[in-house]
Amino acid sequence: MGVLVDSQKEGFGSSWGGLKSLVRRKQVDSAHSKRSGHHQLAKELTVPHLIAIGVGSTIGAGVYILVGTVAREHSGPALAISFLIAGIAAALSAFCYAELASRCPSAGSAYHYSYICVGEGVAWLIGWALILEYTIGGAAVARGISPNLALLFGGEDSLPIFLSRQYIPGLDVVVDPCAAILVFIVTGLLCVGIKESTFAQGIVTTANVCAMIFVIVAGGYLGYNTGWAGYKLPTGYFPFGVDGMLAGSATVFFAYIGFDSVASTAEEVKNPQRDLPLGIATALSICCGLYMLVSIVIVGLVPYYAMDPDTPISSAFASHGMQWAAYIITIGAVTALCSTLMGSLLPQPRILLAMARDGLLPSFFSDVNKSSQVPIKSTLATGLVAATLSFFMDVSQLAGMVSVGTLLAFTMVAISVLILRYVPPDEVPFPSSLQESIDSVTLRYSQRISGKNPETSIFVDASQPLLGNKIVAVDCPIIEKKEAQAYWTLTEQNRRKIAGWTIMLLCVGAFGLTFAASNVWIPSLIRLTCCGVGGVLLLSGLIVLTCIDQDDARHNFGHTGGFICPFVPLLPIVCILINVYLLINLGAATWARVSVWLLIGVVVYVFYGRSHSSLLDAVYVPAAHADEIYRSSGDLLA
């Protein structure tokens, strides 16, 4: 008896198994799929906790420096508009994250969504890139804390010797004990429990926000009294033109990276369908508002060309006789770094947990402590690696690699939304141990389709005319009309094929357009051709996806009742275009380093992940049969 399975399964033992393993997809976690025995994480988080995580992970110390650099080189007095445009661009990704996080509320964030919507191969690369992002990001943030702490105590050499940086001649490295100690403290806090660590992050984030509010209020008072000298310039509001303002937006976009940490805690949220979208949206709105207000004030206090690129905010206050404000600003920078460090180390263990649950990493990383209900082993491993890097290495040169993981994740999340809406997975993987239940349900469905009466069977003799030799009292025009309707009607199978190819060509068009537009060294004819082809593919894809219907299965996919991303397909397509553009412009040196890491990931997947995947022997059946198979398997087990 045949079994209704996906063709993926047939190739696992053949020479094509390695390729077909790249596109196998897992099921959205449900009450049925949680019978696998994995310990679940504690559901403790509410909207205030999520806002603390989002704001704390997003607002780093970079904003205290970024305003001076971008204003001097790109935006001028229009810095606030640059932050607004960047915030809108980040909101596009936030909309996509909000829908997927509420539909698929499990640990893993973009890795989890890619595995469900795209396939195992892409999901592995996203997860591997996120591991690099959070590890390098955490180490880089930790290395930046000790210099700012030293400023509070009077200078670079004012920290105690056991905390200050030391040069080791034999190794030719500068070690940073303070960074390593802080990483271990944060790691221990994360091991205590998600609620406790989030509460601590909320306190630190509040201190940072208060420092920014001080800058806004005190700076606004100074600007009001001095007449906002920074806005009374002969160069006008756009000294570098609109192009400069947009270039500034591309730079400050990275100041919004961090809200995706909220999605990584989806499994620990009490009401994910309601709280996750609210948490992401509120956190991003707060960050955008604070960035814009700080920019408006600082650019108004000092002309953009006179800003100190290293300490723009402190220098702006010092120029008006408020040197003591530097201490408050430094406290804000330190608390921002500490909060960002917690935000960098929080998602990493959950990525490892999700990948280990799926069998792509050793089960060591999937262990959840029964008392604290957090992945302690993954957390300790993350903290140990980040502490080692922050102690021995100056990872500032590797900071660009952090952006690659984030932008790749943003891009795949937008693509996943398009797939979910137009070609959601219509088959569900089951373990081969349920083969008996699958066969039983398959037989029942086959009997329902064919019917018990042979005369009603759907199977017909193709060699005979459908109407036989009988005379049918039907006018020819009606027959022709029916045939015409059948010819022009878009079947569900064809609709899915068209949508799938369109989404793929959209991605090709986005890459071609942004690559050609960003590389001026390409010969003009080739460059214009690539831009034209890419633009046509993007525009055609948008028109096709707008005209064809979205899949009805989207209404029941995953956990329903949550946030729905608006303006599909336009919003995800714009999101893909923006993120691909930023990825291409990260620079060749960054991509060379990231490529080495990704190649290591490919080797690990080929020799371990592919053969240990939980979907290795999975049987794929139509999603419509899933509930009946679960019930049947429950009856058999009973």
Just checking Tyr608: does its OH atom have more than 12 heavy atoms from other residues, nucleotides or ligands closer to it than 6.0 angstrom? yes
Does Asp551 reach the side chain of Arg421, with side-chain heavy atoms less than 4.5 Å apart? no
Could you report the tightest heavy-atom contact between Leu389 and Ala139, atom names first, then the distance? CB-CB, 3.8 Å
Judged by atom type as modelled, is there a donor-acceptor pair below 3.5 Å linking the side chain of Ser285 to the main-chain atoms of Ala281? yes
Tell me, do Thr340 and Ser57 make a side-chain contact under 4.5 Å, heavy atoms counted? no
I'd like to check Tyr111 versus Trp128 (side-chain heavy atoms, cut-off strictly below 4.5 Å). Are they in contact? no
Would you compute the distance between atom CD1 of Ile578 and atom CG of Leu583 and round it to the nearest 0.5 angstrom? 12.0 Å
Is the side chain of Gln273 donor-acceptor paired with the backbone N or O of Ser102 at a distance under 3.5 Å, no angle test? yes
Leu92 and Val574: which non-hydrogen atoms are nearest, and at how many Å? CD1-CG1, 3.6 Å
Is the ring pair Tyr605/Trp124 parallel, tilted or perpendicular, if the boundaries are 30 and 60 degrees? tilted
Steps toward side chain to side chain contact (heavy atoms under 4.5 Å, CB included) verdict (His112, Val28): CA-CA 9 Å; His112 181 61; Val28 179; 5.5 Å; no
Determine yes or no for a side-chain-to-main-chain donor-acceptor pair under 3.5 angstrom, with Ser378 supplying the side chain and Phe365 the backbone. yes
Looking only at the side chains, is there a donor atom on one of Ser372 and Asn369 sitting less than 3.5 Å from an acceptor on the other? yes
Do side-chain atoms of Thr560 reach the backbone of Asn556 as a donor and acceptor pair under 3.5 angstrom? no
With side chain to side chain contact (heavy atoms under 4.5 Å, CB included) as the criterion, how do Val413 and Ser93 come out once you've worked through the C-alpha distance, each side chain's angles and the decisive distance to 0.1 Å? CA-CA 8 Å; Val413 166; Ser93 295; over 6 Å; no
Does the distance from a Lys or Arg side-chain N to an Asp or Glu carboxylate O, for Glu427 and Arg24, drop under 4.0 Å? no
Check: Ile564 main-chain N/O paired with Arg103 side-chain donor or acceptor under 3.5 Å: no
Output for pair (Ser403 OG, Phe254 CZ), nearest 0.5 Å, gives 4.5 Å
Rounded to the nearest 0.5 Å, what's the gap from CG on Leu41 to CG on Leu353? Could you check? 5.5 Å
Is there a donor-acceptor pair closer than 3.5 Å between any side-chain N or O of His49 and the backbone N or O of Thr46? yes
Over all heavy atoms of both residues, which pair between Ile59 and Cys287 is shortest? Give the atoms and the distance, please. CG1-SG, 3.6 Å
Which pair of non-hydrogen atoms, one from Ala414 and one from Ile576, has the smallest distance, and what is that distance? CB-CG1, 3.6 Å
Closest non-hydrogen contact found for Leu598 with Ala129 is CD2-CB, 4.4 Å
If you take the centroid of each ring, where Trp contributes its six-membered ring, are Phe410 and Tyr97 closer together than 6.0 Å? yes
Run the ring pair (Phe, Tyr, Trp, His ring centres under 6.0 Å) test on Tyr256 and Tyr291 for me, step by step, so that the C-alpha distance in whole Å, both residues' side-chain angles and the decisive distance to 0.1 Å come before the verdict. CA-CA 10 Å; Tyr256 289 97; Tyr291 287 158; 5.2 Å; yes
Does the side chain of Phe391 reach to within under 4.5 Å of the side chain of Pro177, using non-hydrogen atoms? yes
Are any of the side-chain nitrogens in Asp358 or Lys26 under 4.0 Å away from the carboxylate oxygens of its partner? yes
Under 3.5 Å, side chain of Thr388 to main-chain N/O of Leu384, donor-acceptor pair present? yes
Side chains of Leu284 and Thr58 in contact at under 4.5 Å (non-hydrogen atoms): no
With a 4.5 Å heavy-atom cut-off, do Glu267 and Gln40 have their side chains touching? yes
Could you walk me through whether Val252 and Val63 satisfy the side chain to side chain contact (heavy atoms under 4.5 Å, CB included) test, starting with their C-alpha distance in whole Å, then the side-chain angles of each, then the deciding distance to 0.1 Å, before giving a yes or no? CA-CA 9 Å; Val252 301; Val63 68; over 6 Å; no
Can you tell me how far the OH atom of Tyr134 sits from the OG atom of Ser261, to the nearest 0.5 Å? 4.5 Å
In Å, rounded to the nearest 0.5 Å, how long is the span from CD1 of Ile53 to CG of Asp260? 12.0 Å
Measure centre to centre between the rings of Phe567 and Phe95, then say whether the value is under 6.0 Å. no
Do Leu380 and Lys377 have side chains that approach each other closer than 4.5 Å (heavy atoms only, starting at C-beta)? no
Between the main-chain N or O of Gly332 and the side-chain N or O of Thr335, is there a donor-acceptor pair closer than 3.5 Å? yes
Shortest non-hydrogen contact between Ala142 and Ser390, atoms and distance: CB-CB, 4.0 Å
Give a yes-or-no answer on whether the side chains of Asn148 and Tyr64 include a donor-acceptor pair shorter than 3.5 Å. no
In the structure I gave you, are the side-chain heavy atoms of Leu346 and Leu190 within less than 4.5 Å of one another anywhere? yes
Which of these passes side-chain contact (heavy atoms from CB on, under 4.5 Å) with Tyr115: Gln27, Glu120, Met355? Glu120
Using the side chain to side chain contact (heavy atoms under 4.5 Å, CB included) rule, take Gln201 and Glu196 through it: C-alpha gap first, then chi angles, then the decisive distance, then the call. CA-CA 9 Å; Gln201 186 175 13; Glu196 291 78 7; over 6 Å; no
With rounding to the nearest 0.5 Å, note down the distance linking CG in Leu616 to CZ in Arg610. 8.5 Å
Short side-chain donor-acceptor distance under 3.5 Å, Ser146 and Asp176: yes
Test: Arg350 and Glu268 ion pair at under 4.0 Å: yes
I'd like to know if the side chain of Thr198 and the backbone of Lys195 have a donor-acceptor N/O pair within less than 3.5 Å. no
Does one side chain, of Glu133 or Thr406, offer a donor that lies under 3.5 Å from an acceptor on the other? yes
